[in-house]
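Read the structure below first, then the notes.
From a predicted model like this one, the values you see are computed outputs, not experimental measurements.
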Amino acid sequence: MASLKLSLYVDSSWESKKLNCTVKALNFTDSKCWVPSFLGGGAFVVSPFCNVKHIKVSRLETEELETSELSLDGDGVDGYEGELGNESFVTERPNLGRDSQKGKFNVWRRFRRVKKVPKDSNYRSSFRLKDRKNGMEENSRIVFDVNSDENVIDSQNGVDFDDENIGSDSSLDQCNAILKELERGDDGKALSFFRWMRKNGKLKQNVTAYNLILRVLGRRGDWDGAEGMIKEMSMESGCKLTYQVFNTLIYACHKKGLVELGAKWFHMMLENGVQPNIATFGMLMALYQKGWHVEEAEFAFSMMRNLKIMCQSAYSSMLTIYTRMRLYDKAEEIIGFLRKDEVILNLENWLVLLNAYCQQGKLLQAEQVLASMNQAGFSPNIVAYNTLITGYGKISNMRDAQRLFGDLKRVGVEPDETTYRSMIEGWGRADNYEEANRYYAELKRLGHQPNSSNLYTMLNLQVKHGDKEDVVRTIEEMMHTGGEKSTILGILLQAYEKLELIHEVPSILRGSLYDHVLRNQISCSSLVMAYVKYSMIDDALKVLREKQWKDALFEDNLYHLLICSCKDFGHPENAVKVFTCMPKSDKPNLHIICTMIDIYSTNNHFAEAEKLYLMLKNSNVKLDTITFSVVVRMYMKSGALEEACSVLDDMDKQKNIVPDTYLLRDMLRIYQQCDKKDKLADLYYKLVKRGVIWDQEMYSCVINCCARALPVDELSRLFDEMLKRGFLPNTVTFNVMLDVYGKSRLFKRAREVFSMAKKCGLADVVSYNTLIAAYGRSKDFKNMSSTVKKMHFNGFSVSLEAYNCMLDAYGKEGQMEKFRNVLERLKESGHSSDHYTYNIMINIYGELGWIEEVSDVLAELKESGSIGPDLCSYNTLIKAYGIAGMVERAVDLVKEMRKNGIEPDRITYTNLINALRKNDKFLEAVKWSLWMKQIGL
């Protein structure tokens, strides 16, 4: 709309007093008008003022207005604000109906205040006080209720009129006039008088009264009362619902910015078969534009077009919404509708159209819009030029931006502060410090103040071009203009961080800004965090030493954050430095100590980590789950598994500690490595009872760790449950189950697991070795040999472990010929024998009493040099020498073990005592037995 004004003045001469204005616009359908090419025109004749329709100020029917008296007060629909980025908003608002104010225009104010009904002295009267005769009690506070039957209305109710001619016999016009006067002055009195009118039958088919009272309810926000009033109008008072009724409520929602409620009244309007008018869509679309409600706006816009209602501001709102939401394809559709619907563009439409193209970066089309706008008869507009300049600035095309800036004087338009601000931003994007500084100086020379975006742009340019003194001056200017010091500090840090020049900040921070940093804990934390990020630990600690704020809790959290940041940035040494410079406290901070234990553990400084743990343990601080997890992980990494078990015992004693998934897995692994089968079993059944969420990792960890602690039936059930829940076991889990089934002689299940692993591509060398060992232990030589052949056939070379399994199986069964064959194949394969191979050979030869072969194996083992005899080798040799009756040699082996740094264990002494007994050396056996007890074995 060129100018939408809803009149309130009910007078017989109203039609003659309507304001009419001629608006210069472009009609797409006029054959003599120039059709812009971007809207699909062909040949044209320039005649911008020919056949242009006059647009009435009021587009509402006058007779409807006379009955409704709908007032859209002076605060009309808020104007459109175009958006072209942070540096420039289209804030100039040209006024179509008045002379332009310098730098300030208002084209978007769609509803303007007009004259109201003057107060008539004839209406200043009082009500009859006849109800006082009935002895009604004074009601000092009136609360409106649509269902109330109260009708007392007198001076006690706060309504005071001099004339006593108002009563039940008064006319509707008199009552409505009084209600209108009360509505303008006092909502409470208006509601009370309306209730009186209902009681006295003054509301039958009285649409005017309902419209007035709906205005009151809208101002009060009594939406339930308004809804009840609409029902009363149609169902009890016989009033026909019209668009004025709903427009009143929609306008109230518009003023309050209540988008959902505005949409509600619009939908109720349609449900009651009431056709909206141009004002309805104007208010609704402006309301949806405020809240950026795309779906509701699309529905209202589609309804408007279906009803053939042409509201120019609605097109602008829809186009603005799509542009703001970056829905550019839909914005193009609206531009097409402008042509298709033959909309006569007003200044607002042109500016919104211009902004839409600039937002999309389509500056060529935008310039065509500007040319079309001028051809349509609109004088050059500073808002249009500013929009284009900003658009070119956004794409760093400053040559065309400069051209448009030069065109301003040619067309007789003076640049305003927005023009200069846009030029500063454009040259800033183009990284031209000299030009940006020139426009910045000119902006201040003209008496304008740079906005925050300009200051930010200049600060970034000054930082980049190394002008430290200008940076300081800009900071002072930002503070002088009232900028928040914390915000200024953030901008400064961001600018230097972007260029990775944060090391220059200490020389820039001075004066009141640095004092602010020392007094404000938020700014202080921002600064030290930036220093820590770039390993400026000394500068950060200097700021922390000089700080003036006092907040122990915040300070602890800040130090913790700094330590964690050092760790995350890969500088644990900085974390240690920050930790050592922390203020001393009687009560250690659990979170900081926990983090430091983790940092020390990561860098293998286990002694320092353990000191911190012992300090926590001796203090009164209760450890939490995370701390226990960190400490347990620290002992695991250092190999101190017994200490880890001790920590877990302490954790069990502390109440309210619920291990998380990661700690539970660590506990399982520790107990497995320490061979604590009872602990494993107890932990497993606790997991089952506790209802822990079992995922693939948990199933695999439990099966792998508890294989020796749980019955085979329970392991089998758990493995099947894992498969049923769709979790695929990994290779280790498959191999563990193969070993469990093999040792339990459940070969059918073992073959099923092996077949499943092969299908999943997870069977490896260990899988074959495990199956070969299982058959070997069961003396199933046929399947053992078959598995070895399959292993070779499937592309796996026969491993050393497989050879060892066959050697052990054939040797223990006494099949020495096959034993020698396997040994020969082992030598031909190129595998080097390991301890297990030598120990098997010593054990087999020793059991047979082949002491020469045992000596040969021992000599070969010693000559190998790379491995040498281990504890198991010596134990096996002692046993073999005992069988051969070479007791003295067995005793010498014990001495040799100690000489080589191998400490004898229980098996060593047991084999030696048995050897002595078999060879009738009972006294020596007793001595060694007493020695075992003495050393605790």
Side-chain angles (χ1 to χ4, degrees), residues 735 738-745 747 750-751 754 763-884 893 902 907-908 911:
N735 292 341
L738 278 174
D739 185 59
V740 169
Y741 288 138
K743 289 179 178 178
S744 302
R745 299 177 181 273
F747 295 112
R751 284 190 288 270
F754 184 77
D764 62 356
V765 174
V766 178
S767 307
Y768 284 98
N769 292 340
T770 305
L771 200 57
I772 291 168
Y775 286 131
R777 283 192 298 269
S778 299
K779 301 178 182 179
D780 189 349
F781 301 115
K782 181 179 179 181
N783 280 323
M784 183 179 72
S785 301
S786 174
T787 305
V788 172
K789 292 178 181 178
K790 290 178 181 178
M791 180 180 185
H792 185 71
F793 179 77
N794 289 323
F796 295 97
S797 59
V798 181
S799 64
L800 177 62
E801 289 77 10
Y803 284 116
N804 288 340
C805 291
M806 290 188 287
L807 285 172
D808 189 58
Y810 287 131
K812 287 181 178 179
E813 190 61 19
Q815 298 186 19
M816 298 308 295
E817 187 64 30
K818 291 184 178 180
F819 180 88
R820 293 189 184 93
N821 291 336
V822 172
L823 192 60
E824 188 66 28
R825 286 161 55 191
L826 170 60
K827 293 178 180 179
E828 293 174 356
S829 67
H831 291 297
S832 298
S833 300
D834 60 1
H835 276 118
Y836 191 48
T837 312
Y838 288 114
N839 292 339
I840 290 173
M841 294 168 64
I842 293 171
N843 183 53
I844 298 301
Y845 292 147
E847 289 288 344
L848 296 174
W850 296 359
I851 198 65
E852 292 182 6
E853 283 77 359
V854 170
S855 299
D856 293 340
V857 172
L858 179 60
E860 183 180 344
L861 179 59
K862 290 181 178 181
E863 290 173 0
S864 64
S866 58
I867 50 179
D870 62 357
L871 177 62
C872 184
S873 304
Y874 280 111
N875 290 343
T876 307
L877 282 168
I878 291 171
K879 181 181 176 182
Y881 284 135
I883 294 173
L893 284 175
I902 300 174
I907 298 175
T908 309
N911 289 346

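Nearest approach of Phe796 to Ala763, heavy atoms of both residues: CZ-O, 3.7 Å. Minimum heavy-atom separation, Ala774 to Gly742: CB-CA, 3.6 Å. Heavy atoms only, all atoms of each residue included: Cys805 and Ile772 are closest at CB-CG2, 4.0 Å. The minimum heavy-atom distance between Ser833 and Leu800, with the atom names listed, is CA-CD1, 4.5 Å. For the residue pair Arg777 and Arg745, the shortest heavy atom distance occurs at O-NH2, 4.1 Å.
Side-chain atoms of Val857 and Val854, non-hydrogen and from C-beta on, never get closer than 4.5 Å to each other. Side-chain atoms of Glu860 and Tyr838, non-hydrogen and from C-beta on, do get closer than 4.5 Å to each other. Considering only heavy atoms from C-beta on, Ile902 stays 4.5 Å or farther from Thr908 through its side chain. With a 4.5 Å cut-off on side-chain heavy atoms, Asn821 and Glu817 count as touching. Looking only at side-chain heavy atoms (C-beta outward), Arg825 and Val788 come within less than 4.5 Å of each other. The closest side-chain heavy-atom distance from Glu847 to Lys879 is below 4.5 Å. Residues Ile851 and Tyr881 form a side-chain contact, since some pair of their non-hydrogen atoms from C-beta on lies under 4.5 Å apart. With a 4.5 Å cut-off on side-chain heavy atoms, Trp850 and Met816 count as touching.
In this structure, Leu848 places its CG atom where more than 12 heavy-atom neighbours from other residues, nucleotides or ligands lie under 6.0 Å away.
To the nearest 0.5 angstrom, Ser785 atom OG is 11.5 Å from Tyr775 atom OH. Distance check: Leu807 CG to Ile844 CD1 gives 8.5 Å after rounding to the nearest 0.5 Å. Separation of atoms OG (Ser832) and NZ (Lys827) is listed at 12.0 Å; rounding is to 0.5 Å. The distance from the CG atom of Leu826 to the CG atom of Asn804 is 7.0 Å, given to the nearest 0.5 Å. Here CG of Leu858 is found 7.5 Å from CG of Leu893. Values are rounded to the nearest 0.5 Å. The structure places OG1 of Thr787 at 11.0 Å from CG of Asn769, a figure rounded to the nearest 0.5 Å.
No side-chain donor-acceptor contact under 3.5 Å links Asn843 to the backbone of Thr876.
In the model, Asn794 has a side-chain atom that pairs as donor or acceptor with a side-chain atom of Tyr768 under 3.5 Å. With 3.5 Å as the limit, one finds a donor-acceptor pair spanning the side chains of Asn735 and Asp764. Between the side chains of Asn783 and Ser786, no donor-acceptor pair is found at a separation under 3.5 Å.
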Could you go step by step and tell me if Ser767 and Thr770 meet the side chain to side chain contact (heavy atoms under 4.5 Å, CB included) rule?
CA-CA 5 Å; Ser767 307; Thr770 305; 5.8 Å; no

Audit row: Ser799, Met791, side chain to side chain contact (heavy atoms under 4.5 Å, CB included) steps and yes/no
CA-CA 9 Å; Ser799 64; Met791 180 180 185; 3.9 Å; yes

Given Met841 and Leu823, is the side chain to side chain contact (heavy atoms under 4.5 Å, CB included) satisfied, shown in steps?
CA-CA 10 Å; Met841 294 168 64; Leu823 192 60; 3.9 Å; yes

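The only member of Val822, Ile840, Asn839 that meets side chain to side chain contact (heavy atoms under 4.5 Å, CB included) when paired with Asp808 is Ile840. Tested against Tyr810, the residues Tyr803, Phe781, Phe819 include a single ring-ring contact (aromatic ring centres under 6.0 Å, His included) partner, Phe781.
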